Amino acid sequence: MADKPISDGLNGLSLHSNGGSATKGSLVVCFGEMLIDFVPSVSGVSLAEAPSFQKAPGGAPANVAVGISRLGGSSAFIGKVGDDEFGHMLADILQENKVNNSGMRFDQNARTALAFVTLRSDGEREFMFFRNPSADMLLHESELDVNLIKQASIFHYGSISLIDEPCKSTHLAAMSLAKKSGCILSYDVNLRLPLWPSADAAREGIMSIWDQADVIKVSEDEITFLTGGDDPYDDNVVLNKLFHPKLKLLLVSEGPDGCRYYTQQFKGRVPGVKVKAVDTTGAGDAFVGGILSVLASDTNLYKDETRLREALLFANACGALTVTKKGAIPAMPTREEIHKILKCDS
């Protein structure tokens with residue numbers, strides 16, 4: 001495993017310098033769920049013990065879209081929320097964060113999804129979801145913003161939208177359209193086991209679209225789950241069981257320790273940026289937003305190890321800064337904040 005030095009000059013990482021072979025704009029379209037996270041006002045307590053909750057906008061694909069926009073990139077969100085106060089609040093939050101929300105749809109018969117997120121004393125999370133069904137599960141293929149997908153250079157999604165119909169079929173149709181339009185397909189596993197009918201259904205559902213992705217981000221715990229208990233630190237496990245022939249870039253997030261990367265040509269590890277964690281919600285999404293914001297304007301990034309390592313250090317800093325504040329979207333960092341923390345860390 002290479003652990004090569006990274007130049008501290010991130011000036012080459014311009015979101016707007018098209019250093020790659022992008023034939024269209026650098027728009028990243030994020031598909032899936034957007035919801036309200038309710039976070040306890042006190043850390044280290046159970047849901048029952050929490051004296052009060054603070055509401056925060058969330059949902060991994062929406063978090064990524066905001067993360068990209070905060071960094072100066074171009075992003076859009078496609079998904080469904082309830083035609084209720086929370087749903088319209090979420091649409092407004094995307095607009096305030098300069099995310100194109102024209103692909104959002106509003107359901108009059110289902111509510112916006114809610115998730116209660118407990119923060120343990122170590123900053124890690126436990127979830128309780130309210131979706132029975134929630135509006136995000138009810139997006140139909142006929143409601144897809146086809147033109148928005150065709151404009152994208154990257155189409156990004158998770159696995160939660162694969163759990164229920166009609167959203168699953170809509171997800172598959174959107175992926176197919178994105179692929180035909182020449183998009184890079186980006187997949188963040190984002191395992192939420194309580195939402196699936198069973199562990200086997202989760203494993204099967206997540207892996208059902210694995211071979212279609214160009215970029216995949218997976219955590220150590222998710223590697224163990226998807227491989228049936230194998231060692232997530234073993235390169236052979238990752239390369240033999242998870243790396244597929246068409247994959248351009250496989251990223252393994254290691255929380256505060258940084259990340260590993262695997263491409264057709266090389267592999268290595270980029271260390272994390274040290275901070276004091278307050279709330280880990282949204283850290284992985286900020287990391288994904290960081291790397292996709294660079295990839296969108298430099299689509300050959302995965303071929304140049306030096307530039308890839310610089311971009312991953314940038315992405316690690318995005319994740320690190322997010323854990324210093326509560327909530328996901330409210331904590332997404334700006335480009336200036338990233339440069340500042342990397343300057344201090346070097």
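The model shown is predicted, which means the values in this text are computed figures rather than measured ones. Starting from 1, each residue takes its place in the sequence as its number.
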For the backbone of [Y] and the side chain of [X], can you confirm whether one donor and one acceptor N or O come within less than 3.5 Å of each other?
X	Y	result
N101	A91	yes
S176	L172	no
S69	V66	no
T112	G87	yes
D304	R307	yes
D234	N236	yes
S169	P166	no
N97	V99	no
Q212	I209	no
H244	A213	yes

Heavy-atom count around [X] [atom1] within 6.0 Å, excluding the residue itself: above 12?
X	atom1	result
M128	CE	no
K168	NZ	no
Q95	CD	no
K98	NZ	no
D211	CG	yes

I'd like to check [X] versus [Y] (side-chain heavy atoms, cut-off strictly below 4.5 Å). Are they in contact?
X	Y	result
L114	F129	no
E337	L71	no
L292	V294	no
L191	L226	no
L295	K248	no
Y157	L162	no
L308	F266	yes
L177	F155	no

Query raised in the report: Does the pair F314 and I291 meet the rule for a side-chain contact (heavy atoms from CB on, under 4.5 Å), with working shown?
Result: CA-CA 7 Å; F314 179 84; I291 192 63; over 6 Å; no

Query raised in the report: Could you go step by step and tell me if R192 and E222 meet the salt bridge (Lys or Arg N to Asp or Glu O under 4.0 Å) rule?
Result: CA-CA 10 Å; R192 295 289 179 263; E222 288 163 350; 5.4 Å; no

Going by atom types alone, do [X] and [Y] pair a side-chain donor with an acceptor below 3.5 Å?
X	Y	value
Y302	Q264	no
S74	S26	no
D221	S219	no

Which donor-acceptor pairs under 3.5 Å do side chains of residues 251-259 form with protein atoms, sequence neighbours excluded?
| residue | atom | partner | partner atom | Å |
| --- | --- | --- | --- | --- |
| E254 | OE1 | R269 | NE | 3.1 |
| E254 | OE2 | R260 | NE | 2.6 |
| E254 | OE2 | R260 | NH2 | 3.4 |

To the closest 0.5 Å, what do you measure between [atom1] ([X]) and [atom2] ([Y])?
X	Y	atom1	atom2	result
F243	D235	CZ	CG	11.5 Å
E220	Y233	CD	OH	3.5 Å
D188	I216	CG	CD1	10.5 Å
C183	I154	SG	CD1	9.0 Å
T334	K340	OG1	NZ	9.5 Å
L313	L342	CG	CG	5.0 Å

Name every donor-acceptor pair, under 3.5 Å, that has one atom in a side chain of residues 134-142 and the other anywhere in the protein, sequence neighbours excluded.
| residue | atom | partner | partner atom | Å |
| --- | --- | --- | --- | --- |
| S134 | OG | D136 | OD1 | 2.6 |
| D136 | OD2 | R131 | NH2 | 2.7 |

Show the nearest heavy-atom pair for residues [X] and [Y], with the distance to one decimal.
X	Y	value
S46	T118	C-CG2, 4.1 Å
P61	F77	CB-CE1, 4.1 Å
A76	L148	CB-CD2, 3.9 Å

Would you kindly confirm whether [X] and [Y] end up in one hydrophobic cluster when ILVMFWY residues are joined by side chain heavy atoms under 4.5 Å apart?
X	Y	result
L27	M104	no
L242	L239	yes
M332	L321	no
F38	V45	no
F130	L35	no

Requested in this report: Kindly indicate, with the supporting measurements, whether the criterion side-chain contact (heavy atoms from CB on, under 4.5 Å) is fulfilled by M175 and L185.
Outcome: CA-CA 7 Å; M175 275 177 58; L185 297 190; 4.3 Å; yes

Requested in this report: Tell me, with the steps shown, if Y187 and H156 meet ring-ring contact (aromatic ring centres under 6.0 Å, His included).
Outcome: CA-CA 6 Å; Y187 187 16; H156 175 73; 8.7 Å; no

Requested in this report: Assess whether side-chain contact (heavy atoms from CB on, under 4.5 Å) is satisfied between N240 and V237, documenting all intermediate values.
Outcome: CA-CA 5 Å; N240 295 333; V237 168; over 6 Å; no

Requested in this report: Just do the side-chain contact (heavy atoms from CB on, under 4.5 Å) check on D200 and R203 with the steps written out, would you?
Outcome: CA-CA 5 Å; D200 287 342; R203 200 175 287 111; 3.1 Å; yes

Report task. Return each pair, listed once, that meets salt bridge (Lys or Arg N to Asp or Glu O under 4.0 Å) where at least one residue sits in residues 71-97; pairs must be two or more places apart or across chains. Result ->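 Sorted result for residues 71-97: K80-D107, K80-E143.
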
Query - Salt bridge D37-K55, side-chain N to carboxylate O under 4.0 Å - result: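 Result for this pair is no, no salt bridge flagged.
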
Query raised in the report: For the side-chain contact (heavy atoms from CB on, under 4.5 Å) test, which of V81, D145, I78 pairs with R105?
Result: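 Answer after filtering V81, D145, I78: D145.
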
